[in-house]
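Computed over heavy atoms, backbone and side chain alike; hydrogens, waters and symmetry mates excluded.
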Amino acid sequence: MKSAAEELGALAQAIVWEQREGESRLAGALKDQSLRYRKREGLTWSPVALESQSTTFGGRSCVVLSKPVHGGIAGSFRSGSPVSLYQANDAGVPDPDGPPPRRGLVRKVRKHQLEVVLDGEPLSAQDFHERWTLDVRGDDRSFRFMAEALSHWINTEDPVERAFRDGLLGFGEIPDASSELDTSFAGHEASLKSLNALQSAWVKAVWSGRPFALLHGPPGTGKTTTLLALIEGLVLAGKRVLVTAQSNAAVDWILLGCTHRSMEAVRIGHPMRVDPKVWSMSLESRVEAEPEFKQVRDFRKRSAQSWKEVDRFRRNFGPAERKEKAEAKREALDLSREAREMEAYIAEKVIRKSSIVGATLAGTSDMMLRDEPFDYVIVDEAGQAMEPAVWIAMRKAPCVVLAGDHQQLPPVVKSSKAIGAGLEKSLLEKLLERHSKSEWNVMLEEQYRMNEAIMTPSSDWFYDGRLKAAPGNAEFALEGIPPWTWIDTAGCGFSEERESEGSSTSNREEAQFVLDRLAELVEQAPSATIGVVAPYRAQIEVLESLWFDRFGQAHEGIEFATVDAFQGQERDIMVLSLTRCNEEGAIGFLKEYRRTNVAMTRARAHLLVVGDGATLGGDPFFARMMELAEEAGAYRSAWEWMS
């Protein structure tokens, strides 16, 4: 590219391709696939019955709906999932003669029941007697926000913003620290007492007011601890900080850490997407705690009474009754509007008083934050975010910090054209390459999570051998269980299977073998926390089903999930089923080595990897992992258990 503006322009085209690809895939599944397939794939619940209705934050209508046992997969919808609620025809798609589909977000999830917050007016009494279908829905808001942010950075005439943009992307020098933000942090060194020398030096450098800093935090190196120390010092110095990340979970995790350091924060975002652990920090909770909120409750109560009058059955329905109903509806809408305006006023006041505000990258475009000034914006888990999403948040403050690890989960990009245009490479990875020698680019090297033997393979392949185990890590061990084991199932005939519908892969025989080893680990370490992961959703379903068929809920400390679900977590024991076994040596999804890195580095005391060496050995990464296992005495053959 000849300029930063051209580079960002190419990304603007890439997100168009990505949005179209996502819409096409979802539309194809919902339109072209049978209702039975959609229910089996977790895309649809049908039929669903409306149980009750209430009013929640922002005056939105919240409905409770339920499904019969065979109405879809329990747990397929998550809190925060965008959904569409409609009356279906015999083909299982919206009935053209029925009311238009209602859009909403899932608020709470129970086994066969959901709470959904709907856009628009409340449902009528008649609606509760109809038969409804619920589909997962695409959400184009994040793409719209990314497009707006890229347009801003491409077309900005502000000389400071242009210099920052060009310098960051390697088309000039990044400006020096802002003198307006250069504040003495003397007396705030107490924030650094939990940090090592490298972490402390980085925090002090950021405190100087430089416009950009980058923190590369490999697994277990204390990235979150370092960021919390940074935030604490900034707040003590009177700065306002916007904390953001790609996922709601990452934002909530940082804010939870703030509470542990006695720092108050407010969490912006749809209430349905906020973790219950940080609910007290949510904007909804903070607003409801304000004395003026009593007026909002009164407006809502009166509005609800007016809506009841609208729905009231009238034996005779002439002009007078029609006028009465119209007046009741107008009063209900007026009262709802007054409630929203009062609530917005209170929310604005709560945000204005907060030194720390948390939101997802897309959430930083919230109207509530549009004119809010911040001194620093901190983007965590930046390696998982598509670059345009990070540019959304970088408009919000003169000083920007990116933190994360590009050797863990990458951005999820579906479009091959978008991947070819560079959308799969995060801004974090791009800047590590372009500014590898810059003083503001720091990689943390001492890890505190796992036994050194577990750390070594990851350090060797992903971090140039630079990771060092903290002195206390040797204590992360379980009696009679080695730090890690690679079991090679080559020659055992554990053949993989492809789903007849869908694209996932499973290996039932490998799953049974893995569960036998898991049962042994549970017996040896009954109090250990255990994570069981696989790169394929279908394999996780097989593992979980077989385990509960054999043992039921006998060990609550075991969690089965895909690799992605374990990002940022840790367990005493991690078990990884690599699944692939075929004569062609095809490993498909496993070519994304960073997912395997995530799986391997969640373990504190023991890592068990099970895979077919004949299939995997032709790949350089897995060949190296097996070689390191042999060097460490951690390599074993499944035939030891087959006799």
Side-chain angles (χ1 to χ4, degrees), residues 219-220 407-409 449-451 453-458 460-462 478 481-490 492 494 496 504-522 525 528-544 546-547 558-581 587-613 615-617 619 621-626 628-629 632 634-638 641:
Q407 298 293 3
Q408 296 188 63
L409 295 179
R449 172 182 295 160
M450 63 199 105
N451 186 290
I454 299 173
M455 173 201 76
T456 299
S458 175
D460 175 89
W461 184 272
F462 295 100
L478 297 169
I481 302 176
W484 77 295
T485 302
W486 181 295
I487 302 179
D488 186 353
T489 63
C492 295
F494 295 170
E496 65 184 57
S504 196
T505 301
S506 63
N507 189 324
R508 191 175 187 85
E509 291 161 310
E510 179 178 295
Q512 291 173 330
F513 179 85
V514 166
L515 295 182
D516 288 339
R517 308 290 76 75
L518 176 59
E520 293 169 356
L521 290 170
V522 170
T529 57
I530 302 175
V532 182
V533 295
Y536 295 95
R537 174 188 52 78
Q539 182 71 348
I540 286 297
E541 291 175 356
V542 171
L543 284 161
E544 190 168 24
L546 290 175
W547 176 263
I558 299 176
E559 182 176 354
F560 296 84
T562 59
V563 174
D564 296 48
F566 271 94
Q567 172 82 346
Q569 300 189 50
E570 58 187 57
R571 297 290 187 274
D572 297 326
I573 296 172
M574 288 298 298
V575 178
L576 171 59
S577 172
L578 293 171
T579 310
R580 300 308 297 262
C581 179
I587 65 171
F589 196 49
L590 292 179
K591 271 291 185 183
E592 179 48 85
Y593 305 142
R594 289 176 287 188
R595 279 188 163 76
T596 302
N597 185 38
V598 172
M600 294 171 66
T601 55
R602 303 306 98 196
R604 285 190 287 255
H606 178 66
L607 168 67
L608 173 62
V609 182
V610 178
D612 181 71
T615 300
L616 302 167
D619 178 84
F621 170 74
F622 289 103
R624 178 58 178 161
M625 292 302 105
M626 287 188 283
L628 290 170
Y635 178 89
R636 299 180 69 178
S637 169
W641 287 271

Donor-acceptor under 3.5 Å ([X] side chain, [Y] main chain):
X: Arg449; Y: Thr601; result: yes
X: Glu496; Y: Arg580; result: no
X: Arg602; Y: Gln569; result: yes
X: Tyr536; Y: Phe589; result: yes

Legend entry - Side-chain donor-acceptor pair present, Asn597, Ser458, cut-off under 3.5 Å: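 Judged by distance alone, the side chains do pair up.
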Legend entry - Residue pair Ser577 / Gln539, side-chain donor-acceptor N/O under 3.5 Å: yes
Test of understanding: with salt bridge (charged side-chain N to carboxylate O under 4.0 Å, His left out), list the residues that count as partners of [X], not counting sequence neighbours.
X: Asp572; answer: Arg604
X: Arg517; answer: Glu520
X: Glu544; answer: none

Inset, instruction - Rounded to the nearest 0.5 Å, what's the gap from CD1 on Ile454 to CH2 on Trp484? Could you check? - result: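 These two atoms lie 10.0 Å from each other.
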Inset, instruction - Please round to the nearest 0.5 Å and tell me the distance separating atom OG1 of Thr529 and atom CD1 of Ile573. - result: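 Answer for the OG1-CD1 pair, Thr529 versus Ile573, is 7.5 Å.
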Tell me, please, which residues at least two apart from [X] pass side-chain hydrogen bond (donor to acceptor under 3.5 Å, both in side chains).
X: Thr615; value: Asp612
X: Gln407; value: none
X: Arg594; value: Glu592

Legend entry - Residue of the set Leu515, Val514, Val542 for which side-chain contact (heavy atoms from CB on, under 4.5 Å) holds with Trp547: Leu515
Legend entry - Aromatic ring pairing Tyr593/Phe621, orientation class (parallel under 30°, perpendicular over 60°, tilted between):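 It falls in the parallel class, under 30°.
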Legend entry - Closest heavy-atom pair and its distance - Trp486, Gly611: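 Residues Trp486 and Gly611, closest heavy atoms: NE1-O, 4.4 Å.
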